[in-house]
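Before any comments, here is the structure.
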There are 2 protein chains.
Amino acid sequence: MALGDDWFVEEAPEADMALGLKVREKLADEHSAYQHIEIYETESFGRLMVIDGCVMLTDRDNFVYHEMMAHAALFTHPDPKRVAIIGGGDCGTLREVLKHPNVEHVVQIDIDEAVTRLSQQFFPELCESNVDPRAELMFRDGIRWIEDAEADSLDVIIVDSTDPVGPGEVLFTSKFYRACRRALGERGVLVQQSESPLLHTRILKKMHADLHAAGFSTTACLSFPQPTYPSGWWSATLAGPAVTEFREQDAAEKEFVTRYYTASVHRGALALPAFVAEALATA
Amino acid sequence: MALGDDWFVEEAPEADMALGLKVREKLADEHSAYQHIEIYETESFGRLMVIDGCVMLTDRDNFVYHEMMAHAALFTHPDPKRVAIIGGGDCGTLREVLKHPNVEHVVQIDIDEAVTRLSQQFFPELCESNVDPRAELMFRDGIRWIEDAEADSLDVIIVDSTDPVGPGEVLFTSKFYRACRRALGERGVLVQQSESPLLHTRILKKMHADLHAAGFSTTACLSFPQPTYPSGWWSATLAGPAVTEFREQDAAEKEFVTRYYTASVHRGALALPAFVAEALATA
């Protein structure tokens, strides 16, 4: 069956499934030095950013992903002051991180300046905190940056990257995790987007094994809905000294507004579906 | 953009979004007295049942829905012995209910016998408990059946229905909820599939208001992923005397196997995303 020309369609070939979003018009189409970036105005999901054919975000549902990527890790670390975001060029995660008053410095390292420029133009609300004096935006290779970082110089690393194919692949390796572990020291917390629990169980399993091998003593998987990502079901993986617990009372008493994240939602997202628990138990 | 003829596509017109599943072949196509039922063999989701163009279930992901529809309500009631399922003709919810040893009798009332016949043929594992002596399958109007039921004659009612448009619409009304309340008495628990928290927040809000108006003293919303339903994010609504609590220890010590549901997952599913909590607080 066919959807007309007024639909954006992303196929997830590994699952033989596809997501369609009806669009009004294409607002931008740019081949940067690194990737193909498209921006659409959709009928019901607001604006849509697509990179190399994959949905990155829409106005309507990005809050779930960005809040889960930022707040879970920041409420897991006892006192996060120094944060690095690898990727995250749309600046949505950065905005959430900056809601935490104890954060003193956040550096966002995305290789592709075009993503941030287009986000500033078409998703201005995601970029509203870019002017925060605590924020530093760098456009270079995040892996090299982490490798060059001083030992024990970061409290939280957030890996807000594309999928583990193509340029994002190296972000899902033991070598990268060891560099993160070194930059984080004993107390630091890593969080990384970790694909669909249903479609990519094997990737999840490998990640947990690789993180342990890189020296992280505990790992945890947070699952949450993400309607415009393949299967509508996504996850983030935490690694650090005690990531199955978090500052629950601080989260419950937070003084900033969220639309998805709450302390109870964080606790609930840590509850693994039976089949995921089983897969990770043997990781 | 077009998907080829080898794709099944469901459009969710209320959200201008669409789900595609690549199919190998169509296995059945039947116009029953009530609806149009299709069965496909998909490439990666096993078999697929479609009613009136909407995905009802696939082999790969139906476990999430069926487990959440059955176990949450049964572990909420203090001692469920008498259960009625309205709809649920594929028998997947029935199978889960019958895993509870304290259940003495389950009646499934689906108006369309063709759904059950096709499920027996193409989804035999969902029907494996149909021969349980505690199970009774009836093919008639479930609303009339509930209206005619004796007062205080049921412990749990599970409304496993289609969407609140067309024939399913009457299942989302105060009149139906009052009939359920009467059949359940003071201690009984109702659970009903309640659409997507993201796409159908208004339906959820109205349901909670209507359930309270029908005499249920507490309501709760469980949310969970459901990859092949619109937005990949679904919910079930509970109503009864104390549905925000459940027999957590019994759930943790259950002696049957589940693939999604656990006691912690149940607790987590009760944690409302901030925007849903806000919507329901003003219901």
Side-chain angles (χ1 to χ4, degrees), chain A residues 1-23 42-45 60-61 63-64 67 196-199 223-234 257-278, chain B residues 1-23 42-45 60-61 63-64 67 196-199 223-234 257-278:
Chain A
M1 288 174 231
L3 294 169
D5 284 342
D6 51 346
W7 287 80
F8 165 81
V9 176
E10 175 184 345
E11 286 185 38
E14 74 279 22
D16 299 301
M17 71 192 305
L19 169 77
L21 293 171
K22 199 170 185 182
V23 296
T42 71
E43 285 291 342
S44 293
F45 275 73
R60 188 167 182 179
D61 72 343
F63 65 99
V64 179
E67 292 181 12
S196 165
L198 185 74
L199 304 182
S223 69
F224 50 88
Q226 194 57 39
T228 56
Y229 284 2
S231 84
W233 187 4
W234 218 246
V257 173
T258 49
R259 291 179 58 205
Y260 183 76
Y261 182 91
T262 70
S264 307
V265 162
H266 183 157
R267 174 67 58 197
L270 286 166
L272 290 181
F275 78 98
V276 179
E278 193 178 340
Chain B
M1 290 172 228
L3 295 168
D5 283 343
D6 52 346
W7 287 80
F8 164 81
V9 176
E10 174 184 344
E11 285 185 39
E14 74 278 24
D16 299 302
M17 72 192 305
L19 170 77
L21 292 171
K22 200 170 184 182
V23 296
T42 71
E43 285 290 342
S44 294
F45 275 73
R60 188 167 183 180
D61 72 344
F63 66 100
V64 180
E67 292 180 12
S196 164
L198 185 73
L199 305 183
S223 68
F224 49 88
Q226 193 57 40
T228 56
Y229 284 3
S231 83
W233 187 4
W234 218 245
V257 173
T258 49
R259 292 178 58 205
Y260 184 76
Y261 182 91
T262 69
S264 306
V265 162
H266 184 156
R267 174 66 59 197
L270 286 166
L272 290 181
F275 78 98
V276 179
E278 193 178 341

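Computed over heavy atoms, backbone and side chain alike; hydrogens, waters and symmetry mates excluded.
- Counting heavy-atom pairs under 4.5 Å between each of B:Pro273, B:Gly268, B:Ala12 and chain A puts B:Pro273 at the top.
- If you measure heavy-atom distances from A:Phe224 to chain B, you find no contacts under 4.5 Å at all.
- Ranking A:Ala269, A:Gly232, A:Ser196, A:Pro197 against chain B, the residue ahead of the rest is A:Gly232, based on heavy-atom pairs under 4.5 Å.
- Counting heavy-atom pairs under 4.5 Å between each of B:Ser223, B:Ala277, B:Gly20 and chain A puts B:Gly20 at the top.
- Proximity to chain A (any heavy atom under 4.5 Å) is shown, for B:Tyr229, by neither the backbone nor the side chain.
- Note: A:Arg259 leads A:Gln226, A:Arg267, A:Glu67, A:Arg259 in heavy-atom pairs under 4.5 Å with chain B.
- For the atom pair A:Ser231 OG and B:Trp233 CH2, the distance stands at 13.5 Å (nearest 0.5 Å).
- What you find for B:Ser44 and A:Glu14 is that their closest heavy atoms are OG-O, 4.4 Å.
- Note: A:Val265 leads A:Leu272, A:Val64, A:Val265, A:Asp61 in heavy-atom pairs under 4.5 Å with chain B.
- What you find for B:Tyr261 and A:Ala274 is that their closest heavy atoms are O-CB, 4.4 Å.
- Highest contact tally toward chain A, considering only B:Ser264, B:Pro225, B:Ala271, is held by B:Pro225 [criterion: heavy-atom pairs under 4.5 Å].
- Nearest heavy atom pair, residue B:Glu11 against residue A:Trp7, reads OE1-CZ2, 3.5 Å.
- Using a 4.5 Å heavy-atom cutoff, the side chains of A:Phe275 and B:Phe63 are in contact.
- In this structure, chain B has heavy atoms under 4.5 Å from both the backbone and the side chain of A:Leu199.
- Of the listed residues (B:Thr262, B:Thr228, B:Thr258, B:Leu198), the greatest number of heavy-atom pairs within a distance under 4.5 Å of chain A belongs to B:Leu198.
- Looking only at side-chain heavy atoms (C-beta outward), A:Leu21 and B:Asp16 stay at 4.5 Å or farther from each other.
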